[in-house]
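Contents: one structure, followed by commentary.
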Amino acid sequence: MDEDNFALVEKIIKDLHNVLAKIPDLYAFDVVPVDVNYQNKSPVLHLENCLGLESWCVKHVYMYCYSELMNKFCVKSKKINKRISTVDFDRVIRLLNVTLLLNPEINTLWNKRRDWVLQSSLNKNNELHFTRLILSRKPKSNEAFGYRRWLLKSILQDDHQNNSIETLINDELIICNLASDKSPNNYHSWNHRMWLLNILKNMTLNFDINSLYIKEYHFSEKWTSKHVSDFSCFHYHEFCLRNIYDLSDKDWKILETTLNSNFREVFVRFLASNFPKDSTVQASEENLLMYSEKNIMSLLLAYSNRNCNCEVNYVKLCRKIEILFHALVANDELIRFYKYHETLWYHRRFIIHEIIVIMYDHFGLVRHNGALTKMSCKNCNSDELRQKQAKIGRYDVNRIYTCILFNVVLTHEKKIINERRLDGDNYADRHENYLKFVEGLNNVI
């Protein structure tokens, strides 16, 4: 690089550093497409809380910063490592900032920042802000999200003042929202969001995790209704659905209020419209609404051939089924309104599978290698019970396939498949094949 270009690049690095240092509330960075510097002015642009760099200088600046970092500060020579301890720290940070803003996919440079954090040379909260700036331009940067996870885990473990945790969580969710909004099917942002909920669940913090589960389920339900082809969000929505299975009575009421829905009414309405024609059930919607959780589950499942005497938690069982049928009804509406979307059918498979697994678990069964087998109880898993794990007989199969809940689900699925098939939706045939050959229902469909 000739002397003029060298001086220009140094000026650009200095200008970028000055903006980053003087404006702590920066929230966006991007490269502005400008092919030639006609006005002979600095290519560093900043307006309000946004930072930009004209594209004509990106190649020169990046190569200059990257080369110096790799040649002087990121090599394994012992002599060079000794020299690193005596170099101007400000110089290294300037080069790291510029290089990562332009190309955040270099793990070596992120590891260098980790070293500085461990040495307490970099502030963790400032580093979180820097990664937010990078994600504003590169919302799918796995390295940036990975660095944020490393920082957050350290902050959550060190910070015993739980007052700031709620703010930290809200900021993280906002960043995930921005990344998901900028880039459709952003696996990295939804995976990061899932990681956040998991780590909060496994840590002992003075924080109401159930309220967060409710909030996230509501958010993901609204998001999926507007982004019906976003596989990653549906996966996250399914993760949230499983998290709300074990809510307390109080939290369950809060969930219904948040979603503005009465799960029991939705469930009963679904049952009444899909009771099999040969069913002997005479209960009306009004009567079913008066049933307790135990009575309605006894009506729908009726029989259990478990190998143990463990008590069934009918309240928990009923709520799991109610929220799944709430999701199934919502899926019906989306499939009818947004036609020919594969993602909606995959989500439907998840819902149906969850309902079938709940029924199998109630009957003490599990599908293994395509065949139904006896399932030993996890709470009383004795040698005697293990010996009873044999392939079930036709009598037990008939008990499952003739229970009212199974027939309600099967009747409804047949209706949806026929309805969508008449509308020319090829995914209806695929769904039917899934039920037959994956869920093993080929004998009843």
Side-chain angles (χ1 to χ4, degrees), residues 238 267 270-283 296-308 312 317-318 320-322 324-325 327-329 331-332 335-336 342 344-377 385-445:
E238 291 158 7
F267 182 42
F270 187 99
L271 292 174
S273 60
N274 289 283
F275 275 137
K277 293 180 180 179
D278 58 348
S279 174
T280 57
V281 178
Q282 302 297 326
I296 198 167
M297 288 296 101
S298 299
L299 172 69
L300 297 176
L301 297 171
Y303 169 82
S304 177
N305 192 28
R306 285 174 171 270
N307 295 322
C308 67
V312 178
L317 178 63
C318 185
K320 285 171 72 173
I321 291 178
E322 283 177 1
L324 286 167
F325 275 87
L328 190 62
V329 170
N331 184 263
D332 287 347
I335 281 179
R336 290 186 178 109
E342 186 177 21
L344 296 174
W345 287 97
Y346 278 128
H347 180 55
R348 190 177 192 86
R349 291 182 187 182
F350 165 82
I351 299 169
I352 297 299
H353 177 75
E354 287 288 297
I355 295 172
I356 291 175
V357 166
I358 288 173
M359 286 191 284
Y360 285 161
D361 183 63
H362 177 76
F363 286 101
L365 304 168
V366 63
R367 185 171 290 280
H368 181 67
N369 293 333
L372 288 173
T373 59
K374 295 281 187 182
M375 178 180 64
S376 56
C377 179
L385 291 177
R386 283 195 212 100
Q387 292 174 3
K388 293 181 181 180
Q389 272 195 312
K391 192 176 287 189
I392 66 172
R394 183 172 297 278
Y395 177 78
D396 294 308
V397 174
N398 289 339
R399 284 288 188 179
I400 299 167
Y401 293 160
T402 57
C403 78
I404 294 175
L405 182 61
F406 179 85
N407 281 279
V408 164
V409 173
L410 192 65
T411 300
H412 183 69
E413 289 308 289
K414 287 179 179 178
K415 287 181 183 177
I416 286 291
I417 289 169
N418 291 332
E419 176 189 324
R420 303 312 308 140
R421 185 182 285 147
L422 292 173
D423 202 20
D425 194 338
N426 294 329
Y427 293 118
D429 292 325
R430 292 188 187 183
H431 185 65
E432 184 178 47
N433 289 334
Y434 167 81
L435 295 175
K436 286 181 178 179
F437 305 115
V438 178
E439 295 296 346
L441 306 181
N442 53 312
N443 293 327
V444 291
I445 292 184

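None of these values were measured; they are calculated from a predicted model. All heavy atoms count here, side chains included; hydrogens, waters and symmetry mates do not.
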Across all chains, not counting sequence neighbours, the ring-ring contact (aromatic ring centres under 6.0 Å, His included) partners of Phe325 are Phe267, Phe270

Is there a side-chain contact between Arg430 and Glu342 (heavy atoms, below 4.5 Å)? yes

Separation between CG (Asn407) and NZ (Lys414), nearest 0.5 Å, reads 8.0 Å

CG of Leu328 to CD1 of Ile416, rounded to nearest 0.5 Å, is 8.0 Å

When rounded to the nearest 0.5 Å, the distance separating CD of Glu413 from CD1 of Ile445 is 8.0 Å

To the nearest 0.5 Å, atom CE of Met359 lies from atom CG of Asp361 at 11.5 Å

Checking Ile358, Val357, Ile351 against Ile355 for side-chain contact (heavy atoms from CB on, under 4.5 Å), the one that qualifies is Ile351

Between Asn426 and Trp345, is the side chain to side chain contact (heavy atoms under 4.5 Å, CB included) condition met? List the steps.
CA-CA 11 Å; Asn426 294 329; Trp345 287 97; over 6 Å; no

The reported gap from CG in Leu324 to CG in Asn331 (rounded to nearest 0.5 angstrom) is 12.0 Å

Here the gap from Arg349 atom CZ to His353 atom NE2, rounded to the nearest 0.5 Å, amounts to 12.5 Å

May I ask you to decide if Asp425's main-chain N or O and Asp423's side chain share a donor-acceptor pair within less than 3.5 Å? no

4.5 Å side-chain heavy-atom contact, Met297 and Val312:
no

Applying side-chain hydrogen bond (donor to acceptor under 3.5 Å, both in side chains) to Asn418 and not counting sequence neighbours gives Arg421

| So, Tyr360 versus Arg367: side-chain donor-acceptor pair below 3.5 Å or not? | yes

A side-chain contact here means heavy atoms from C-beta on lying under 4.5 Å apart; do Ile321 and Leu300 qualify? no

Salt bridge flag under 4.0 Å for residues Lys320 and Glu354
no

When every non-hydrogen atom of Gly440 is compared with those of Tyr401, the smallest separation belongs to O-OH, 3.8 Å

